[in-house]
Structures are given as C-alpha cells and as structure tokens.
Amino acid sequence: MRKSSLVSLLAGGLAAATLMTSTQALAYGAGDFFTRLGIAKVAPKSDNGSLAGGAFAADVQDENGFAFTLGYRFHDNLGVELLAALPFEHDIALNGQNLASTKHLPPTLTLQYYPLGGTDWRVQPYVGAGINYTRFSSESSALGDLNLESSWGAAGQLGVDLLIDEHWALNAAAWYIDIDTDASLDGTPIGTVSIDPWVVMGGISFRY
Ligand code: NI
C-alpha cells in the first residue's frame, strides 16, 4: 500500500472513529448506577468556635483522604448520591496548640439535578442538596476525656463529569457540609465546635 493511501486510510479511520464517538449515545442519564472515587480534602472553616466559656479558641485542621461515592440516576436530570470515605482524622488546635484530635465519618446523601442529563454533551455539571450525618470516634485530648456528639446537618454539592466514553469520566466535586458538634471534657459540656467543612474531591467517575 502506498504511503499516501495508508495516511488517508488512517485519517479516514480516525474521522470515522471521531464521528462514531461523537454520535455514539453516551446515555448519560436515567438508569445509570455510578461511583466516583478520588482524593478528597476536608477543609473545616477557619474559626471553629470557643470552648469552656471562652478559655479556648478551637481550630479544626484540614485533612486529606480517600473518598468515594455511590449513586443512581432515576431520571435523566435527577439522581441521588451518597458520599462515603475512610474516616478522616483531624487535629484540633486549642489556642493554637494541637491539644486534641478526632476521627470522623461524614456520610452525606444528596438529591442531584443534572441540567444537561439526557443530552450528548461531554461536560455534565450537577448540583445537589441533602443531609449529612457525622459520627466522631477516637477523640483524644491532652486536657482530659474528650467527647464529641454526633451531628446531623444540611449539605450542598457542586460537581462536574467530563465524559471520556460511555463508562468513564473525569470528575471534580465539592460539598459544603454543616457539621456542629457538642463537646464535653470529662463529662462536662464545654461548648459547640462548628466544623462546617468544604469537602473537595478530584478523581474519576464510572457508570454502568
Ligand atoms: Ni454550622
């Protein structure tokens, strides 16, 4: 085969493949089960409250970890997604000193709206709103026996899938979660720690 015809064959094949891909139904919508996984940063708001009648200013530190979600699209434009993760461990600074730490699991369930769902757009943004339940564990403090109560709160979400093919996409997502916990030290209530983090995740999506 002559070199020029090989080139035109390749070019033709590439054009056909591109055409196939662009007209191929990516079927981003109703009936999809999906999972998203990536690295998440949990960044609590900067001022987390004062404890023990103003004696301590609490500052919950940022933490990174592995996170994943599971979800289902029950409509082209609507879905539900559960954010799960391995427990995040946060240091808690009191008056600037790292005097405490805790682990928490932040499962967050959101109802989502996909404005471009059901179309063949490759950029698929979404917004969501829902609830969070946070359970704290392994609380420890140099000051005594620290306990943090579980928290229920509202959550909001923004995200985008950049579709690669009918299964894979790149994903970026962020949640704002209202987490407020009542703290006690040696059984004595010392106030509320307001964590209210942004959780920012970057990774991949898989749907089937
Ligand atoms: Ni709050």
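Because the structure is a prediction, the values reported are computed rather than measured. Computed over heavy atoms, backbone and side chain alike; hydrogens, waters and symmetry mates excluded. Every number for a ligand or one of its atoms is a count from 1 in the order of the listing.
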Trainee: Under 2.8 Å from the Ni ion (ligand 1), protein N/O/S atom count?
Mentor: 5
Trainee: Any cation-pi pair here, Arg135 with Tyr133, using under 6.0 Å and within 45°?
Mentor: no
Trainee: Taking Asn171 for its side chain and Val160 for its backbone only, find out whether a donor-acceptor pair lies under 3.5 Å.
Mentor: yes
Trainee: Is it true that the side chains of Gln124 and Tyr126 contain a donor and an acceptor less than 3.5 Å apart?
Mentor: no
Trainee: Report the distance from atom NE2 of His90 to atom CD of Glu63, rounding to the nearest 0.5 Å.
Mentor: 6.5 Å
Trainee: Please walk me through it: do Arg207 and Asp161 pass salt bridge (Lys or Arg N to Asp or Glu O under 4.0 Å)?
Mentor: CA-CA 11 Å; Arg207 65 206 158 81; Asp161 273 335; 5.7 Å; no
Trainee: Do Gln157 and Thr110 pair up side chain to side chain, a donor and an acceptor below 3.5 Å, judged on atom types alone?
Mentor: yes
